[in-house]
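Data first, discussion second: the structure below is written as structure tokens.
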Number of protein chains: 2
Amino acid sequence: MPGRDRMNVTMQDVARHAGVSPQTVSNVVNGRSARVGDETRVRVIESITQLGYRLNQSARSLRRGRTGMVGLAIPTFDSEYYGALAQALNDRFAERGLRLVTENTGGAVRAEVESLASSHLDSYDGFVLALAAGDTPHFDRISIDKPVVLLGERALSSRFDHVLMDNEGGARLATRLLLKTGARAIVALGGVHDDEESMPGLRTRGYAEAHAEIGRDLDPALVLPSTFDAEGGHGSIRALIASGRRFDAVFAVTDGLAVGALRALADAGLRVPEDVQVVGFDNTTASRYTVPRLTTVEPSNEARAETVAELLVSRLQHRDGVLERRVVVHPASVVERESTRRAPSA
Amino acid sequence: MPGRDRMNVTMQDVARHAGVSPQTVSNVVNGRSARVGDETRVRVIESITQLGYRLNQSARSLRRGRTGMVGLAIPTFDSEYYGALAQALNDRFAERGLRLVTENTGGAVRAEVESLASSHLDSYDGFVLALAAGDTPHFDRISIDKPVVLLGERALSSRFDHVLMDNEGGARLATRLLLKTGARAIVALGGVHDDEESMPGLRTRGYAEAHAEIGRDLDPALVLPSTFDAEGGHGSIRALIASGRRFDAVFAVTDGLAVGALRALADAGLRVPEDVQVVGFDNTTASRYTVPRLTTVEPSNEARAETVAELLVSRLQHRDGVLERRVVVHPASVVERESTRRAPSA
DNA sequence: GCTCGGGAGTTTATCGATCAACTCTGCATC
DNA sequence: GATGCAGAGTTGATCGATAAACTCCCGAGC
């Protein structure tokens, strides 16, 4: 291996080697074939490979004024739900020639919002913010001049495009199923008591609506706030069982919670779905391999990812044109598996 | 809101506004306080906030010759194991002032690395390559002038630093445990028949060694190659049961496989660990919430992440100094839960 | 009185690619 | 013969930040 310099090979070097101008090399690299003759192009390409030339992205970005990267903020990498989401978005953006760069915000909403303000953001052309369940960040304080799409549970800010999941509708469907199959006392695991515009708030609202539809009263003691992981679900259900309160179904606001619930029910010797039915939310791959397999709400991640990419790209293209703010809600549906009983065919 | 230009605020603008030179603004921004007087600094900072100045990362990167980003290639986002790994690495690099950018290669590392002038890799200062089980890219063909650390299962290339998991040792420990608790016919789920230097190959080797240690023969029919997810585990074990072959333990080469195995055993009415013991590998969070809770091998992700960051950073610092290639192996250990019986206290 | 040193800044020359505008052949058209 | 024009390139001016070298001032030391 010939000892070579630390210096990088630049377009100038290639140009010199091929006997053309740097601009022509640029044209070749960027596929502007209309501006370059066939012979010249071949010569340039040969020089590129011979010299081992690599384009300097920083220089390109500086000149072009954009980086070709889109940022994605997710609360954590270490979660199937967000993992799948990131993967789907990644593919959708790749199709459009954009690179998706994923950052984890560590779950704190504050970090999520700060990621909008921090210097990281400066290297992206646009940003996708997937929000964790929780409180409401103060978007209206921060100032941003780049396209942002929020991917979340509810409308959070009047300034950005949103792609939302139909939390309320999904929860309504899930709860309806439980009621139809004879449940009388349904726990809202991870639910909240205030009627708030948050992920658990909306899902709790759907749960309440399904009850209201058939004139059934709600027992507030069955609404169990919790963290949204398996650990929280496990602890909450164990405590509920220990308290002696009777229930015959669990609507868990996330699959993680449902997994923990299954665990706690198994610990207590309760059979699913005979003694207690369980429904989750999110249709994570884990939900297909629990014992018993989990009935859950499908959040249509693929479709949402596609919409997110579409919205963001259209904003990038109409950089200056004043597009109206858009809010897209994707419908949810229920996937019936083994943790619920079959609805009586009526 | 005052109508403002599309033009960005630059250091020049700040300099003009504060009545100093651009270089001084640069010094302030970069905290070179030795070169700037107190009063001046205050004035500059005021101008920065007033004008809403943001540093242009592309320009900085171009000038500095590095981007401050480290790339991480993982086979897929949609997996707990890689999710946790990415998260851990992310934190370790953040501590060191580097931004970790995660890409999923979809397994096709080779294509990425070989792509011509427009490769993503060029925007990173260094690279961490976490390889999928089956990948054997031809590293020695590609030429890379940046620090690379391979995070994997076995030594793959003589050119790069490696941080390895002790696959063989972990598998040996897991299998020993099964043998000690009385297992007589242990399935190697996801194992392979050839003694190869791959993740499943090494884990199968450890499995074989544990048998050899106590002079036990191996039954090749119990080694079941498979994909490494729950689906594969489920299918393989279901088929094995259907074939009528007897076994009383499963050593799954991944937790995903073990989850699928549990599912298949439950389907068949077999009790775990009474009828069949199960051990997984990777200690994913899912393994803590299966029914029953999974005994598994802890791969020491945190420690490996720390080592990866250390190695890469030290290479970045000694950009030219010729460091020896380093290979670090982290030991594995077994986490005993409910899917195995207690070893007789001898 | 003169040199020396360091604090506080400034000036200059890039980093590498790209946009915009310009040149220079030919060849077809009126 | 003059005009127009498309094709194939070239030239020069940046994009914004920064390393390196240089200036200027002021008090200390001999």
**Message:** Any carboxylate oxygen within less than 4.0 angstrom of a Lys/Arg side-chain nitrogen, looking at A:Arg315 and A:Asp161?
**Reply:** yes
**Asked** Rounded to whole angstroms, how far apart are CG on A:Asp38 and P on D:dA8?
**Response** 8 Å
**Request:** Using only side-chain N and O atoms of A:Arg32, determine if any of them is under 4.0 Å from OP1 or OP2 of C:dA17.
**Result:** no
**Asked** Taking the side chain of B:Arg63 as heavy atoms from C-beta outward, which of C:dC19, C:dC15, C:dG9 is closest to it?
**Response** C:dC15
**Request:** Kindly say if A:Thr10 contacts the phosphate of C:dG16, meaning a side-chain N or O under 4.0 Å from OP1 or OP2.
**Result:** no
**Fill in**
Nearest heavy-atom approach of B:Tyr82 to B:Ala130 is CE2-CB, 4.3 Å
**Prompt:** So, is B:Arg64 close to the D:dT18 phosphate, meaning a side-chain N or O under 4.0 Å from OP1 or OP2?
**Reply:** yes
**Item:** Given C:dG16, D:dG9, C:dT11, the nucleotide with the shortest approach to the side chain of A:Asn8
**Value:** C:dG16
**Asked** If you look at every strand shown and take non-hydrogen atoms under 4.0 Å, does A:Gly37 touch a base, only sugar-phosphate, or nothing?
**Response** sugar-phosphate
**Message:** At less than 4.0 Å, is any side-chain N or O atom of B:Ser21 found next to OP1 or OP2 of C:dT11? Yes or no.
**Reply:** no
**Asked** Can you tell me how far C1' of C:dT14 sits from CG of B:Leu62, to the nearest Å?
**Response** 9 Å
**Item:** Any A:Asn30 side-chain nitrogen or oxygen under 4.0 Å from OP1 or OP2 of C:dT18
**Value:** yes
**Request:** Report the distance from atom CE of B:Met11 to atom P of C:dT12, rounded to the nearest whole Å.
**Result:** 19 Å
**Request:** State whether B:Thr24 places a side-chain N or O below 4.0 Å from either non-bridging phosphate oxygen (OP1 or OP2) of C:dT10.
**Result:** yes
**Fill in**
Of the listed C:dT18, C:dG16, D:dG9, the closest approach to the A:Val36 side chain comes from D:dG9
**Prompt:** Contact class for A:Val20 vs. all strands (heavy atom < 4.0 Å): base, sugar-phosphate, or nothing?
**Reply:** sugar-phosphate
**Fill in**
Atom CZ of B:Arg66 and atom P of C:dC15 are separated, to the nearest Å, by 17 Å
**Prompt:** Which pair of heavy atoms, one from A:Arg304 and one from A:Gly152, lies closest together, and at what distance?
**Reply:** NH1-O, 3.9 Å
**Asked** Is there a donor-acceptor pair closer than 3.5 Å between any side-chain N or O of B:Thr24 and the backbone N or O of B:Val20?
**Response** no
**Message:** With a 3.5 Å cut-off and heavy atoms only, can you find an N or O donor on one side and an acceptor on the other between the side chain of B:Gln23 and the base of D:dA19?
**Reply:** yes
**Message:** What's the closest nucleotide to the side chain of B:Arg35 if the choices are D:dA17, C:dA17, C:dA8?
**Reply:** C:dA8
**Asked** Below 4.0 angstrom from OP1 or OP2 of D:dT18, is there any side-chain N or O of B:Arg60?
**Response** yes
**Request:** Work out which heavy atom in A:Leu316 is nearest to a heavy atom in A:Pro147; give both atom names and the distance.
**Result:** CD2-CG, 3.8 Å
**Message:** In this structure, how many angstroms lie between the C1' atom of C:dC15 and the CG atom of B:Asn56, rounded?
**Reply:** 13 Å
**Message:** Quick check on D:dG9: is either OP1 or OP2 less than 4.0 Å from any side-chain nitrogen or oxygen of A:Thr40?
**Reply:** yes
